[in-house]
2 protein chains.
Amino acid sequence: MHVRPTIRDVAAKAGVTDMTVSRVVNRSGPVSDAVRARVERAIEELGYVPSRIARGLRSRRTHTLALIVSDITNPFFTTLARGVEDAASDREHLVMVCNTDESEEEEIRYLEMLSGQNVDGVLLVPAKGAEQARALAKRRQLPLVILERRIPESEHSIVHCDTRAGARSMMQYLLGLGHREIAILASPIGIATSDDRVQGALEALEGSDANATVFHELLSRDTAAKGVERCLGMVPRPTAIFALNNLLTIGALRALRMHGARVPEDISLGGFDDLPEPLLERPFLTVVAQPAYEMGRAGVELLIAEISKPTSAPTEIVLPLELVIRGSIGPPPNSAPEG
Amino acid sequence: MHVRPTIRDVAAKAGVTDMTVSRVVNRSGPVSDAVRARVERAIEELGYVPSRIARGLRSRRTHTLALIVSDITNPFFTTLARGVEDAASDREHLVMVCNTDESEEEEIRYLEMLSGQNVDGVLLVPAKGAEQARALAKRRQLPLVILERRIPESEHSIVHCDTRAGARSMMQYLLGLGHREIAILASPIGIATSDDRVQGALEALEGSDANATVFHELLSRDTAAKGVERCLGMVPRPTAIFALNNLLTIGALRALRMHGARVPEDISLGGFDDLPEPLLERPFLTVVAQPAYEMGRAGVELLIAEISKPTSAPTEIVLPLELVIRGSIGPPPNSAPEG
DNA sequence: GATGCCAGTGTTATCGTCAACATTACCACG
DNA sequence: CGTGGTAATGTTGACGATAACACTGGCATC
């Protein structure tokens, strides 16, 4: 039933009141050296650890944060979560992890639970626009930091990347290699991150003679395969595919293999969001990578700062994206090596 | 500062006492239909959610579990964590995730924090033997379930696989294909899981004319490469390598590629612990797979059962292992196709 | 019609901790 | 020598919820 010594046990053992023990533990008032020593010994001997829950009831701080993501199993979120946990641990906080599978209902359900749980603050990678979630957090004055996804006019702080610029740089890289017909595999319209990336990608085309076709409605590895099939049937056939998230990238790669298309000899493939290098049999994909770990850390720091001084205007932290060049993108196949 | 309506706010609005509200919320006593309706409306209008922290102080149940693993970033643990979270969520529990990086100190530190946090129970994938952790949990009467790793004579319940049998079946598979010189890449001696797997692997050799060489002290992808190098230099050269965890497997695969050895044509490679299929560009490795997700779910169910009736003798749940046959193992290279 | 039971509600105390306010004792100062 | 200040401790009550118990009134039972 989980019994622990209480502050009163310590007090009794040291022959003082619980208040004095509290002062020793929290350095919240003057205590004579003799008493301090007695109390500390009693704490040691009993293995006393203050109950954060009782403390939380009184002080309204539980030293607990929550991280809400769509699926911890997605390596981007796994890495993010590790960053969150490390930063929280450094500051003596614990982290609850919640998976929503992109469901706004789950998002709300968790937020309610967490609010009831008296977490000090929440890191949220929003499903869709997270309107309800944000409203709820605001109503409850629950500190909330948004991660990865841009929310327009949010009254909450946010840590993200300039994902539009990232998409643009991938496209510029492709254009620079000579690609002129490019297919873009995107999520359904309405998912902000995907929309931003599409926009960035299209921006890169302005003033060029290249052409891009955007396939929407792609949610998973399997639907990515369909996009690839349609893409391979096009005339003129795209010489490069840009997949806007890591699962789509994998899906595209597998579909290309299945259709016998060599990457990058026959067709180039670029992705968004890196896969954890330690797990890959061979690091191969050229991608625009978000600094997931750092994003987690930065989110925690921002969140804890806001918890301690519940201030002020929302902050926006923009982290740099990196174009990680590996082997999956080459020049277009029929680009006669000129000169 | 995170303000929420309290049970008293609801009571006032409904014109009853907080006790009556509590009865409505928890169905813990008779309430007339009229009053119940009033209270429910008040709850609705105020958006009242009971404070689990206050509730926890009184009832000693916080509906919070913790999962301690070495590194959530290892896909085995990621999947395990997802199973834990799903099962917990089904039962309205929240989960704290803690990373120890195999450090016993961290393990203890977290356990202390968690106990102070009044979690209801802990799921632990132990670093080493976890003696201190187990002792602490026992002293605090903190429900604890051990996952994945076998602890001899543990007074705690445990969910794991028959990892020895798994290793044996991989070896039998290799022997069946004709391999007679097999290298085994293992972790340092003293890590129970690895030791068990080694033992199982060697058991499979009894009564056969095959020979195995065990390389210990391999902790990561990088050290795996060293093992592979030594292995390639051996005379007679092993025709198959069996790596006892997923990182070693990846490391071995990369090292083999680097040395120009084709898998499985020149040398076969078998692994332990699967990699998440959705992330692989091509599912290729033949491995002994532990049901990570199910292990997480089973652990939660066991833990919650023990929390509600703090009983009895420890339970042991053994989950089945699966030999997932894919492409990385073939017959030994110079096995002349006879007949 | 007294007795007992039970549905429906309220009262009080408590979980472990800490904020706020006492209380004591000693010392400095004019 | 009284006044006031401060260091060191104690006392009380509150955080939000619920367990344990107490009360009220209606109805069945003999």
Side-chain angles (χ1 to χ4, degrees), chain A residues 1-40 42-43 46-64 113 115-120 140, chain B residues 1-40 42-43 46-64 112-113 115-120 140-141:
Chain A
M1 201 11 151
H2 196 192
V3 291
R4 300 184 297 102
T6 74
I7 198 169
R8 251 184 292 281
D9 299 329
V10 176
K13 183 148 198 163
V16 295
T17 20
D18 46 1
M19 202 54 225
T20 302
V21 177
S22 174
R23 278 192 269 258
V24 170
V25 171
N26 303 300
R27 308 183 190 295
S28 53
V31 179
S32 70
D33 290 349
V35 168
R36 172 180 308 276
R38 284 216 311 281
V39 169
E40 277 170 353
I43 289 176
L46 293 173
Y48 167 72
V49 180
S51 162
R52 292 194 182 215
I53 196 175
R55 198 180 254 180
L57 188 58
R58 189 84 255 266
S59 68
R60 311 186 139 276
R61 284 286 297 274
T62 56
H63 284 247
T64 305
M113 271 178 90
S115 165
Q117 192 65 255
N118 301 54
V119 296
D120 290 346
R140 293 276 162 78
Chain B
M1 203 10 152
H2 195 190
V3 292
R4 300 182 298 101
T6 75
I7 198 169
R8 252 184 292 282
D9 299 328
V10 175
K13 183 149 197 160
V16 294
T17 18
D18 43 2
M19 202 53 226
T20 301
V21 176
S22 173
R23 277 192 269 259
V24 171
V25 172
N26 303 299
R27 309 186 189 293
S28 54
V31 178
S32 69
D33 290 350
V35 168
R36 156 165 284 119
R38 283 217 311 282
V39 169
E40 278 170 352
I43 287 176
L46 293 173
Y48 167 72
V49 180
S51 162
R52 293 193 180 217
I53 195 176
R55 196 181 255 180
L57 188 58
R58 187 82 252 259
S59 67
R60 311 186 136 277
R61 284 288 297 272
T62 56
H63 283 245
T64 305
E112 290 276 17
M113 272 178 89
S115 166
Q117 194 62 257
N118 299 54
V119 296
D120 290 345
R140 293 275 163 78
Q141 295 173 245

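Chain A is the first sequence line, chain B the second, and so forth, proteins listed ahead of strands; every chain is numbered from 1.
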If we ignore angles and hydrogens, is there a donor and acceptor under 3.5 Å between the side chains of A/Thr64 and B/Gln117?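 Yes, B/Gln117 and A/Thr64 have a side-chain donor paired with an acceptor closer than 3.5 Å.
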Could I get a table of every N or O pair under 3.5 Å where one atom is in the protein and the other is in nucleotides 6-11 of chain D?
unit_1, atom_1, unit_2, atom_2, d
D/dT9, OP1, A/Ser32, OG, 3.1
D/dT9, OP2, A/Ser32, N, 2.6
D/dT9, OP2, A/Ser32, OG, 3.0
D/dG10, OP2, A/Thr17, N, 3.0
D/dG10, OP2, A/Thr17, OG1, 2.4
D/dG10, OP2, A/Thr20, OG1, 2.7
D/dG10, O5', A/Thr17, OG1, 3.2
D/dG10, N7, A/Arg23, NH2, 2.9

Axis bend over the full length of the helix from C/dG1-D/dC30 to C/dG30-D/dC1, computed from five pairs that close each end, to 10 degrees: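 Inter-axis angle at the ends, rounded: 50°.
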Contact nearer the 5' end of DNA chain C, comparing B/Leu57 with A/Ser28: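 The residue closer to the strand's 5' end, by nearest nucleotide, is B/Leu57.
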Can you give me the first and the last nucleotide of DNA chain C (5' to 3') that has an atom within less than 4.0 angstrom of a non-hydrogen atom in chain B?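 Under 4.0 Å from chain B, the extent on DNA chain C is C/dA7 to C/dG16.
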Nearest 0.5 Å please: distance from the CG atom of B/Asp120 over to the CZ atom of B/Arg60.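 Separation between the atoms: 11.0 Å.
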Can you tell me how far apart CG (B/Asn118) and CZ (A/Arg52) are? Round to the nearest 0.5 Å.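 The distance works out to 10.5 Å.
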Least distance between heavy atoms, B/Pro5 atom then B/Gly47 atom: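 Between these two residues, the closest heavy atoms are CG-O, 3.9 Å.
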Which atom pair, heavy atoms only, marks the closest approach of B/Arg38 to B/Ala14?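 In this case the closest contact between B/Arg38 and B/Ala14 is NE-O, 2.9 Å.
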Sequence neighbours excluded, which residues qualify as side-chain hydrogen bond (donor to acceptor under 3.5 Å, both in side chains) partners of [X]?
| X | value |
| --- | --- |
| B/Asn26 | B/Ser22, B/Arg55 |
| B/Ser115 | A/His2, B/Arg140 |
| B/Thr6 | none |

With side chain to side chain contact (heavy atoms under 4.5 Å, CB included) as the test, pick out the partner of A/Val25 among A/Val39, A/Ile43, A/Ile7, A/Val10.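 Of the listed options, the one satisfying the test is A/Ile43.
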How would you list, by chain and number, every residue that makes a side chain to side chain contact (heavy atoms under 4.5 Å, CB included) with A/Leu57, sequence neighbours excluded?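 If we apply the side chain to side chain contact (heavy atoms under 4.5 Å, CB included) test to A/Leu57, skipping adjacent residues, the hits are B/Ile53, B/Ala54, B/Leu57.
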Each nucleotide of nucleotides 23-28 of chain D classed B (base within 4.0 Å of a protein heavy atom), S (only sugar-phosphate) or -, in 5' to 3' order, makes ------
Tell me, please, which residues at least two apart from A/Glu40 pass salt bridge (Lys or Arg N to Asp or Glu O under 4.0 Å).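 A/Glu40 satisfies salt bridge (Lys or Arg N to Asp or Glu O under 4.0 Å) with no residue once adjacent residues are dropped.
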In whole Å, I'd like the distance from the CZ atom of B/Arg58 to the C1' atom of D/dT18.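 For the pair B/Arg58 CZ and D/dT18 C1', the rounded distance is 6 Å.
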B/Arg60 CZ - D/dA17 P separation (whole Å):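 Atom CZ in B/Arg60 sits about 18 Å away from atom P in D/dA17.
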Between B/Ser22 and D/dT18, is there a side-chain N or O to OP1/OP2 distance below 4.0 Å?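 Yes, B/Ser22 has a side-chain N/O under 4.0 Å of OP1/OP2 on D/dT18.
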Just to be sure I understand the rule, does B/Arg52 reach a base, reach only the sugar-phosphate, or reach nothing, if contact means heavy atoms closer than 4.0 Å?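 No contact at all - B/Arg52 keeps every heavy atom at 4.0 Å or more from the nucleic acid.
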Qualifying salt bridge (Lys or Arg N to Asp or Glu O under 4.0 Å) pairs, either residue in residues 10-23 of chain A, two or more places apart: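 Listed by first then second residue: A/Arg8-A/Asp18, A/Lys13-A/Glu45.
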Under 3.5 Å, which donor-acceptor pairs link side chains of residues 27-34 of chain B to any protein atom two or more places apart or in another chain?
unit_1, atom_1, unit_2, atom_2, d
B/Ser32, OG, B/Val35, N, 3.4

